[in-house]
Amino acid sequence: MTTCRLCGSSGLAGVVDLGATPPCELFLTAAGLEEPEPTYPLHLRVCTRCWLAQLPPLITPEETFTEYAYFSSYSSSWVEHARRFVAGAGLRPDSFVVEVASNDGYLLQHVAERGVRCLGIEPSANVGRAAVAKGVPTLTEFLSPQVGARVRAEHGPADLVVANNVYAHIPDVVGFTKGLRALVADDGRVSIEVQHLLTLMELNQFDTIYHEHFQYYTVASAQRALASGGLHLVDVELLPTHGGSIRLWAQPGEAPVSPRVVDVLAREKAAGLHELSGYEDFAARVAKVRRDLLRFLIDAADAGKTVVGYGAPGKGNTLLNHCGIRPDLLAYTVDRNPYKHGRFTPGSRIPVLAPERIAADRPDYVLVLPWNLRDELVEQLSYVREWGGRLVFPIPSLEVVT
């Protein structure tokens, strides 16, 4: 990468280099363990002109999302988050809602239940089929300006366009934003949820850096990205999801910016994220998280303690690979998604089993990889206390919970 994908500047500065890892959702079959496994550099840089943090586009969205291992509905807290959003969206009986990267219908199912017309645009055919089974009309496409224009011509302009956890996943930021503009009515709204770079930096969330995420946004850089496609940021909400996200509200026409936008921009500036100084010690803090987790796992192994994982999210694979964790330190991990059962985590090659295995084996420690779902998983895993087992959260710093 030599220039910024948003503004074209050549002023890119390194933030953290996590080495080389395989794509985080390419779980291996048993047969695949005998095959070569390609890895790609994972070096986060920030543009010193527009402050967009970004990875080189070393893999394409087509390679990742044509067949996808992530189904949103396996997180009950995320489905409830979507339900609350729909309930408060002010939809009318004659509204038309389009969601981009609609996954398995986790959000639009709540729109359809209200009898409101909706359409999902989802590039992964396998998860799109799950949405159709829920009664959510779904178009198997990647959003582009051309696809947006075609959907608008066939279905009419959307009153609300939703794009949750996808704005980081597209290397063509400008083209994708123009696609959103093509979908939305001139008096409509666009809602985008994306991880906030401010919390990523403050809470050492380096495991959310992986090849599916081509960029990481502050409100300042998101405001510039939206403007590149003809959308104007008018409001922002701070959300706890995914360890700390922002919900960006944008519209085609210019309008006054809410005080919340001004407030978050000021917080980002105070944290140094509108200048290079705010990024300079991140790599050292990442290195400490790595050392602390490895020290814990090695000490546990030396003491004859058993450690297994809970969850097989993309972020977990960045953590496992950067820390060099293998089955000798983490015997297996479990996941609610049956698609992953019997497979192995990319790079680290740790077996993925069904959740019931934990109760059967009664391990001493359970390393929670989707730490962003802490409240949900502490409740789900409360039974681990029955045999004196303990939960381990690696981020923002190592914590062992009884």
Side-chain angles (χ1 to χ4, degrees), residues 1-19 41-56 165 167-168 173 192-210 213-228 233-250 257-292 315 318-319 322 371-372 394-399:
M1 174 185 286
T2 58
T3 59
C4 172
R5 66 168 52 95
L6 178 57
C7 73
S9 169
S10 59
L12 297 177
V15 177
V16 65
D17 188 345
L18 300 176
L42 199 55
H43 184 182
L44 182 69
R45 298 173 173 88
V46 66
C47 174
T48 57
R49 178 194 290 172
C50 71
W51 301 110
L52 181 70
Q54 54 202 282
L55 294 175
N165 302 312
Y167 208 40
V173 181
I192 298 173
E193 292 185 24
V194 69
Q195 187 181 18
H196 195 187
L197 185 61
L198 177 64
T199 51
L200 185 155
M201 300 291 293
E202 288 179 338
L203 300 180
N204 303 325
Q205 297 169 350
F206 72 91
D207 58 340
T208 59
I209 300 170
Y210 44 84
H213 290 167
F214 294 99
Q215 52 268 337
Y216 300 81
Y217 293 96
T218 58
V219 170
S221 61
Q223 190 174 40
R224 297 183 181 103
L226 289 165
S228 74
L233 179 67
V234 295
D235 200 4
V236 64
E237 299 175 55
L238 298 179
L239 306 174
T241 52
H242 298 283
S245 298
I246 44 179
R247 178 183 289 148
L248 305 161
W249 287 99
V257 172
S258 81
R260 291 194 291 195
V261 173
V262 177
D263 177 64
V264 179
L265 287 172
R267 288 183 55 185
E268 292 174 354
K269 184 175 182 180
L273 296 187
H274 299 173
E275 57 189 58
L276 197 54
S277 64
Y279 302 87
E280 290 176 339
D281 70 340
F282 185 62
R285 290 187 279 119
V286 168
K288 185 179 187 310
V289 172
R290 178 178 180 271
R291 290 194 302 269
D292 289 348
K315 61 165 59 72
T318 293
L319 180 78
H322 182 59
W371 47 260
N372 54 297
I395 288 175
S397 59
L398 187 73
E399 183 180 0

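Just so it is clear, the values below take in all heavy atoms, side chains as well, and ignore hydrogens, waters and symmetry mates. What you see is a predicted model, and the numbers here were worked out from it, not measured in a lab.
A pairwise comparison of heavy atoms in G244 and Q195 identifies O-CG, 3.6 Å as the closest pair. Heavy atoms only, all atoms of each residue included: A53 and L197 are closest at CB-CD2, 3.9 Å. Residue N165 comes nearest to V194 through the heavy atom pair OD1-CA, 4.5 Å, listed as atom of the first residue, atom of the second, then distance. Across C50 and L6, no two heavy atoms sit closer than the pair SG-CD2, 4.0 Å. Taking every heavy atom of both residues into account, D207 and W371 meet most closely at OD2-NE1, 2.5 Å. Closest of all the heavy-atom pairs between A168 and Q215 is CB-O, 3.2 Å.
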Y167 and L226: side chain to side chain contact (heavy atoms under 4.5 Å, CB included), yes or no, with the steps?
CA-CA 10 Å; Y167 208 40; L226 289 165; 3.8 Å; yes
Could you walk me through whether L238 and R267 pass the side chain to side chain contact (heavy atoms under 4.5 Å, CB included) check?
CA-CA 12 Å; L238 298 179; R267 288 183 55 185; 3.1 Å; yes
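Once rounded to the nearest 0.5 Å, the distance linking CG of L203 with CG of L198 reads 8.5 Å. Interatomic distance, CD of Q54 versus SG of C4, reported as 4.0 Å (0.5 Å rounding). Separating the OG1 atom in T218 from the CG atom in L52 is a distance of 8.0 Å, to the nearest 0.5 Å. Note that CZ of R45 is 10.0 Å distant from OG1 of T2, once rounded to the nearest 0.5 Å. Within the model, atoms CG of L233 and OG of S258 stand 7.5 Å from one another, a figure rounded to the nearest 0.5 Å.
At least one donor-acceptor pair under 3.5 Å links the side chain of R260 to the backbone N or O of V236. Proximity of a side-chain donor or acceptor of R5 to a complementary backbone N or O of L55 within less than 3.5 Å is detected. Between the E237 side chain and the E193 main chain, no donor and acceptor come within less than 3.5 Å of each other. Proximity of a side-chain donor or acceptor of Y279 to a complementary backbone N or O of L273 within less than 3.5 Å is detected. The backbone N or O of M201 lies less than 3.5 Å from a partner atom in the side chain of R285, making a donor-acceptor pair. Listed for the W51 side chain is a donor-acceptor partner under 3.5 Å among the backbone atoms of H274. Judged purely by atom type and a 3.5 angstrom limit, N372 has no side-chain atom pairing as donor or acceptor with the backbone of G243. At least one donor-acceptor pair closer than 3.5 Å links the side chain of T48 to the backbone N or O of G11. For H43 (side chain) and G14 (main-chain N/O), no donor-acceptor pair under 3.5 Å exists by modelled atom type.
Between Q223 and L265 there is a side-chain heavy-atom pair separated by less than 4.5 Å. Side-chain contact check for P394 versus L319: some heavy-atom pair is nearer than 4.5 Å. Inter-residue side-chain proximity for V289 and D292 is flagged as unmet; no heavy-atom pair is nearer than 4.5 Å.
Residues passing the side-chain contact (heavy atoms from CB on, under 4.5 Å) test with V16 are L18, L44, I209, F282, A283, V286, sequence neighbours excluded. Shown here are the side-chain contact (heavy atoms from CB on, under 4.5 Å) partners of T199, two or more places apart in sequence or in another chain: H196, Q205. Partners of E268 under the salt bridge (charged side-chain N to carboxylate O under 4.0 Å, His left out) rule, at least two apart in sequence or in another chain, do not exist in this structure.
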